[in-house]
Amino acid sequence: MDVQALAGDSVDNIPGAPGIGVKTAALLINEYGDVENLLAHAEEIKQPKRRQSLQENAELIRLSRELVKLDCDMELDFTLCDLEVKEPDPEKLLAFLAEMEFRTLAKRIAEKLGVEPPAIPEPEVEPDPEIAAVPFDPDAYEWVKDADALQVWLDRINARGWVAVDTETTALDEMRADLVGISLAVEPGQACYIPLTHKASATDDLFGSDELAEGQMDPSQVLDMLRPVLEDDAVMKVGQNMKYDAKIFARNGVSVAPIDDTMLLSYAMHAGLHNHGMDALSERYLDHIPIPIKPLLGSGKSAITFDRVPVKDAVKYAAEDADITLRLWELFKPRLHREKATTIYETEERPLVPVLAEMEMAGVKVDREVLSRMSNAFAQKMAALEAEIHELAGQEFNIASPKQIGEILFDKLGVEGGKKGKTGAYATGADVLEDIAAEGGPGAELAARILDWRQLAKLKSTYTDALQEHINPETGRVHTSYMIAGANTGRLASTDPNLQNIPVRTEEGRRIREAFVADEGKVLVSLDYSQIELRILAHIADIDALKEAFRQGLDIHAMTASEMFEVPLDQMTPEIRRKAKAINFGVIYGISGYGLARNLRIPRKEAQEFIDRYFERFPGIRAYMDNTIAFAKQHEYVQTLFGRRIHTPQINARGPHAGFARRAAINAPIQGTAADVIRRAMVKMPEAIAGLPAKMLLQVHDELIFEVDEAAATDLEATARAVMEGAPMPAVQLSVPLTVDAGRGKNWAEAH
DNA sequence: GTCCTCACG
DNA sequence: ACGTACGTGAGGACC
């Protein structure tokens with residue numbers, strides 16, 4: 001994109017045309033390096049309205065950038081974009097910032113503009129004046145160089161009974177990361193950093209020396225000195241994302257307990273309101289933007305690891321993190337109770353940390369040979385398909401490019417019904433290609449082959465190839481990481497790699513699971529909740545027919561179909577059952593006529609009739625939905641059976657956002673309650689299976705996977721099933737039974 | 001970096 | 001008139 005293009009007659013591809021919006025202006029500034037350079041080029045735009053709006057928005061962004069001095073300018077630019085203002089309107093900006101409770105930013109911008117700062121209501125709980133009163137001073141942090149200095153800190157920690165801890169390492173992957181240094185904080189503003197393995201890197205010899213920097217302590221001496229405190233029941237260890245630090249310490253022979261976690265405190269109280277990373281929390285609650293890590297590490301190819309950061313810089317950065325963590329903890333702890341989040345935090349989030357840490361460190365064995373063989377087979381098939389596809393298309397092109405596929409199908413071959421999205425590109429998703437393939441017209445064969453190719457490309461790049469990269473050379477296993485505070489609903493999210501989306505729905509994809517194997521003499525056991533979300537819906541919405549069906553162990557989709565379409569169960573056809581199943585899921589997702597129609601590929605009118613009939617037969621569902629929306633509108637949150645709150649700040653918004661917010665609000669208590677159930681099962685599991693030669697390895701939302709000695713598999717299965725089925729108790733007595741299906745085998749494909 | 005696509009529950 | 005099924009993460013194209 002450049003200014004010349006913007007100056008052209010066609011405005012079709014310009015976001016925000018005919019004016020030039022904040023977002024486009026931000027992108028252009030990025031493109032042109034800085035505002036001055038862009039404005040110089042903007043003169044060339046002939047169309048006055050577009051020229052003027054670009055100039056104004058660029059000015060607005062410049063003003064904002066000057067005011068906040070953010071390292072990451074684009075972040076602010078896009079904050080401005082959220083305003084969706086086409087004209088720079090300081091009033092709207094300030095109102096938005098007020099709504100988002102960006103106090104400092106709003107105040108500074110108001111000052112600069114010479115207007116009254118907007119009135120922003122203070123948070124429910126006043127920040128502790130002592131915490132707020134202590135300024136952040138990077139020069140006040142102590143560089144701990146010897147045992148005497150460290151002992152002073154240990155004495156202070158023991159006297160206090162708590163300490164904020166943060167580790168600095170060489171990598172984000174805890175299983176490959178080496179410990180570089182440790183920071184501690186005991187009071188706001190009072191923090192230290194203990195450097196351990198920083199390299200002595202002269203500026204002109206950045207990567208040359210492996211010599212250690214001066215003024216550091218011996219790692220094992222420090223760990224030996226810290227161990228009594230880190231393992232002391234009477235000393236609370238506070239961290240931000242403690243699972244990370246706990247794993248680092250565990251790999252260094254120290255088991256940290258008890259722990260508190262500021263990220264999880266924030267998540268328990270405020271899921272759905274904002275994210276829970278330290279930078280966001282610090283800015284929000286402490287009015288302080290932490291020292292960014294980027295300038296210290298660099299980025300891209302020239303990025304360095306933390307052990308190459310000069311110690312004097314590391315002290316300021318690392319100690320500040322511990323300082324911030326401690327301040328956040330002192331703010332959050334008393335607030336937890338008022339936000340009614342104590343139970344969720346204490347029974348689910350906090351106890352989950354050591355459980356997940358164990359699972360992640362255990363990892364799952366993956367057979368590289370199996371993946372490698374499959375990868376080669378996929379490559380061969382793809383090559384054959386590629387030739388076929390180019391032949392059908394009459395030209396060579398990049399099959400991985402949706403844009404090129406769209407042009408060939410719709411422009412070159414003249415397939416009807418091509419739809420362009422908001423970026424002006426044809427949609428070529430699987431649903432579109434499936435329709436074209438089914439039509440049998442021009443391009444049908446091509447679309448079908450592209451679908452085949454895409455499936456293989458996905459399996460190869462995301463699974464057979466990428467998974468091999470994740471096999472830890474030391475353990476021969478794959479160690480995923482679970483984000484506890486990732487999903488608003490209470491679900492976990494698996495990353496690096498994501499082991500919660502390993503293929504299963506197609507035969508070809510399912511074979512990837514053959515590469516996930518049990519160690520010698522062991523088997524994998526998989527246990528999954530049957531229909532947990534529908535059971536929870538039946539309970540929450542109190543639907544007698546559904547509850548009774550679950551109690552009798554009936555086929556719930558067939559039962560729904562029978563009820564809705566008045567077909568006796570013994571005359572049920574797969575087609576009718578399929579429709580009922582889609583409706584059942586639709587209900588969980590906050591059904592809409594449009595969505596159901598798209599899913600079932602039926603006319604919208606018909607879909608709406610299904611929904612109407614469903615509500616007629618199950619009026620309790622309608623009531624649940626209405627009540628949930630009403631509750632959400634009043635409180636701006638919804639909650640699960642266990643009291644987990646999921647905030648829904650958009651629920652009272654108008655416009656297209658409203659629909660999303662409503663459906664999410666309907667779904668959240670159901671999905672969230674299911675998430676609570678399995679979280680509770682996971683928390684109880686270690687003690688229950690302690691006597692068995694078994695390890696819990698993976699969680700996939702409604703499924704737990706264990707690795708167990710062959711001889712103990714039956715025991716493990718019974719024990720784990722009992723824990724899972726009884727997980728809601730005693731907090732919640734469900735009016736439907738939870739049932740758990742189990743399987744076992746030498747690999748995940750067999751076990752599932 | 002963003003968009004599109006697609007894998008899972 | 002318009003266009004949404006809920007919740008996620010990752011890879012590749014493209015700018």
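Throughout, protein chains are lettered first and strands after them, A, B, ... in sequence-line order, and every chain is numbered starting at 1.
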Novice: When rounded to the nearest Å, what value does the distance between C1' atoms of B:dA7 and C:dC2 take?
Specialist: 30 Å

Novice: What distance separates A:R721 CZ from A:L527 CG, expressed to the nearest 0.5 Å?
Specialist: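 One gets 6.0 Å once the value is rounded to the nearest 0.5 Å.
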
Novice: If you check every side-chain atom of A:A493, which of C:dG12, C:dT8, B:dC3 has the closest atom?
Specialist: C:dT8

Novice: Quick check, does A:F660 stack with C:dT4? I mean ring centres under 5.5 Å and planes off by under 30°.
Specialist: no

Novice: Could you tell me the separation between the CD atom of A:E508 and the P atom of B:dC6, rounded to a whole number of Å?
Specialist: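 Value for this atom pair: 16 Å.
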
Novice: Is it the case that more than 12 heavy atoms not belonging to A:R617 sit under 6.0 Å from its CZ atom?
Specialist: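 Yes - once you tally the heavy atoms of other residues, nucleotides and ligands closer than 6.0 Å, there are more than 12.
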
Novice: Can you measure A:Y589 atom OH to C:dG7 atom C1' for me and round it to whole angstrom units?
Specialist: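 It works out to 8 Å between those atoms.
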
Novice: State whether A:R662 places a side-chain N or O below 4.0 Å from either non-bridging phosphate oxygen (OP1 or OP2) of C:dA5.
Specialist: no

Novice: In terms of heavy-atom contacts, does CZ of A:R454 have more than 12 from other residues, nucleotides or ligands at under 6.0 Å?
Specialist: yes

Novice: Just checking, A:K420 and A:Y426: is the charged tip under 6.0 Å from the six-membered ring centre and within 45° of the axis?
Specialist: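 Flagged: A:K420 positioned over aromatic ring of A:Y426.
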
Novice: How is A:I502 classified with respect to the nucleic acid when contacts are heavy atoms under 4.0 Å: base, sugar-phosphate, or nothing?
Specialist: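 Sugar-phosphate contact only.
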
Novice: With hydrogens left out and only the distance checked, is there a donor-acceptor pair under 3.5 Å joining A:R491's side chain and the base of C:dT8?
Specialist: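 No pair found.
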
Novice: With a 4.0 Å limit, can you tell me whether A:Y594 has a side-chain N or O closer than that to the phosphate oxygens OP1/OP2 of C:dG3?
Specialist: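 Checking C:dG3 against A:Y594, no side-chain N or O comes under 4.0 Å of OP1 or OP2.
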
Novice: Determine which bases of DNA chain C form Watson-Crick or G-U wobble pairs with both distances under 3.5 Å, and write the result as a 5' to 3' dot-bracket string with | for other-strand partners.
Specialist: .....|||||||||.

Novice: Tell me whether the OP1 or OP2 atom of C:dC6 has a side-chain N or O from A:R663 closer than 4.0 Å.
Specialist: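 Answer is yes, contact under 4.0 Å.
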
Novice: For A:F516 and A:W748, take the angle between the two ring planes, folded into 0 to 90°, and tell me which bin it lands in: parallel under 30, tilted 30 to 60, perpendicular over 60.
Specialist: perpendicular

Novice: When you get a sec, tell me which of B:dA7, C:dC14, B:dC8 is the closest nucleotide to the side chain of A:Q455?
Specialist: B:dA7

Novice: Write down the distance between CE (A:M382) and P (C:dG11), rounded to a whole number of angstrom.
Specialist: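 Atom CE in A:M382 sits about 15 Å away from atom P in C:dG11.
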
Novice: Verify the contact: side-chain N or O of A:K460 to OP1 or OP2 of C:dG11, cut-off strictly under 4.0 Å; return yes or no.
Specialist: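 Checking A:K460 against C:dG11: no side-chain N or O falls below 4.0 Å of OP1 or OP2.
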
Novice: Could you work out which one of C:dG7, C:dG9, C:dC14 sits closest to the side chain of A:T495?
Specialist: C:dG9

Novice: Scan A:A430 against the nucleic acid and name what it touches under 4.0 Å (heavy atoms): base, sugar-phosphate only, or nothing.
Specialist: sugar-phosphate

Novice: By nearest atom, which of the nucleotides C:dG7, C:dA10, C:dA13 is closest to the A:D496 side chain?
Specialist: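 The listed nucleotide nearest to A:D496's side chain is C:dA10.
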
Novice: Tell me the interatomic distance from A:L451, atom CG, to B:dA7, atom C1', rounded to whole angstroms.
Specialist: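 Going from A:L451 (CG) to B:dA7 (C1'), I get 15 Å.
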
Novice: When all nucleic acid strands are considered with a 4.0 Å heavy-atom cut-off, which category describes A:N501: base, sugar-phosphate, or nothing?
Specialist: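 Result for A:N501 = base.
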
Novice: Which nucleotide in the set B:dG9, C:dT4, B:dT5 lies at the smallest distance from any side-chain heavy atom of A:R454?
Specialist: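 Selected nucleotide: B:dT5.
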
Novice: Tell me: NZ of A:K419 to P of C:dG3, nearest whole Å?
Specialist: 10 Å

Novice: At under 4.0 Å between heavy atoms, what does A:Q404 touch on the DNA or RNA strands: base, sugar-phosphate, or nothing?
Specialist: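 Contact class for A:Q404: sugar-phosphate only.
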
Novice: Within a 6.0 Å radius of atom NZ on A:K412, are there more than 12 heavy atoms belonging to other residues, nucleotides or ligands?
Specialist: yes

Novice: Should A:R601 and A:D431 count as an ion pair when the cut-off is N to O under 4.0 Å?
Specialist: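 Salt bridge between A:R601 and A:D431, a charged N being under 4.0 Å from a carboxylate O: no.
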
Novice: A:I583 or A:G486: which one's nearest nucleotide on DNA chain C is closer to the 5' end?
Specialist: A:I583

Novice: In terms of side-chain heavy atoms of A:T428, which of C:dG7, B:dT5, C:dG12 is nearest?
Specialist: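 Minimum distance to the A:T428 side chain belongs to B:dT5.
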
Novice: With side-chain contact (heavy atoms from CB on, under 4.5 Å) as the test, pick out the partner of A:Q699 among A:R679, A:Q500, A:R491.
Specialist: A:Q500

Novice: Report the distance from atom CG of A:L433 to atom P of B:dC4, rounded to the nearest whole Å.
Specialist: 15 Å

Novice: If you check every side-chain atom of A:K458, which of B:dC6, B:dG9, C:dC14 has the closest atom?
Specialist: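 Selected nucleotide (nearest to the side chain): B:dC6.
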
Novice: Under 4.0 Å, heavy atoms only, any strand: does A:I588 hit a base, just the sugar-phosphate, or nothing?
Specialist: nothing

Novice: Quick one, which residues of residues 461-472 of chain A touch DNA chain C with a heavy atom under 4.0 Å?
Specialist: A:S461, A:T462, A:A466

Novice: Base, sugar-phosphate, or nothing: which does A:G586 touch, judged by heavy atoms less than 4.0 Å apart?
Specialist: base

Novice: Given C:dC14, C:dA5, C:dG9, which nucleotide is nearest the side-chain atoms of A:N498?
Specialist: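 That would be C:dG9.
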
Novice: Just the rounded figure in Å: distance from P of C:dG9 to CG of A:L492.
Specialist: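 Between P of C:dG9 and CG of A:L492: 11 Å.
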
Novice: Base, sugar-phosphate or nothing for A:A668? Non-hydrogen atoms, less than 4.0 Å.
Specialist: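 No contact at all - A:A668 keeps every heavy atom at 4.0 Å or more from the nucleic acid.
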
Novice: With rounding to the closest Å, how many angstrom separate the C1' atoms on B:dC8 and C:dG3?
Specialist: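 Nearest-Å result for B:dC8 against C:dG3 at atom C1': 26 Å.
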
Novice: Just checking A:N599: base, sugar-phosphate only, or nothing, at a heavy-atom cut-off of under 4.0 Å?
Specialist: base

Novice: Check the pair A:W453 / A:K381 against side-chain contact (heavy atoms from CB on, under 4.5 Å), numbers first and verdict last.
Specialist: CA-CA 8 Å; A:W453 185 92; A:K381 286 191 188 174; over 6 Å; no

Novice: Using only side-chain N and O atoms of A:T423, determine if any of them is under 4.0 Å from OP1 or OP2 of B:dC4.
Specialist: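 Answer yes for this pair, as a side-chain N or O of A:T423 is under 4.0 Å from OP1 or OP2.
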
Novice: Quick one, A:I399 with A:F397, criterion side-chain contact (heavy atoms from CB on, under 4.5 Å). Give me CA distance, side-chain angles, the key distance, then yes/no.
Specialist: CA-CA 6 Å; A:I399 307 172; A:F397 68 102; 4.2 Å; yes

Novice: Between A:N747 (side chain) and A:A515 (backbone), is there a donor-acceptor pair under 3.5 Å?
Specialist: no

Novice: Would A:R598 count as a cation-pi partner of A:Y594, with NZ or CZ less than 6.0 Å from the six-membered ring centre and within 45° of the ring normal?
Specialist: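 The answer is no; the distance or angle limit is not met.
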
Novice: Which part of the nucleic acid, if any, lies within reach of A:A661 when heavy atoms closer than 4.0 Å are counted: base, sugar-phosphate only, or nothing?
Specialist: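 No contact.
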
Novice: As a test of reading the structure: which of C:dC14, C:dT8, C:dA5 is closest to the side chain of A:N488, going by heavy atoms?
Specialist: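 When the side chain of A:N488 is considered, C:dT8 is the closest of C:dC14, C:dT8, C:dA5.
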
Novice: Rounding to a whole Å, what distance do you find between A:I450:CD1 and B:dC6:C1'?
Specialist: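 The answer, rounded to whole Å, is 15 Å.
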
Novice: For nucleotides C:dA5 and B:dT2, find the distance between their C1' atoms and express it as a whole number of Å.
Specialist: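 Those two atoms are separated by 24 Å.
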
Novice: Kindly say whether, by distance alone, the side chain of A:R598 makes a donor-acceptor pair under 3.5 Å with the base of C:dG3?
Specialist: no

Novice: Would A:V736 and A:R535 count as a side-chain contact (heavy atoms from CB on, under 4.5 Å) if you check the C-alpha gap in whole Å, the side-chain angles of each, and the deciding distance to 0.1 Å?
Specialist: CA-CA 6 Å; A:V736 287; A:R535 286 169 196 263; 3.8 Å; yes

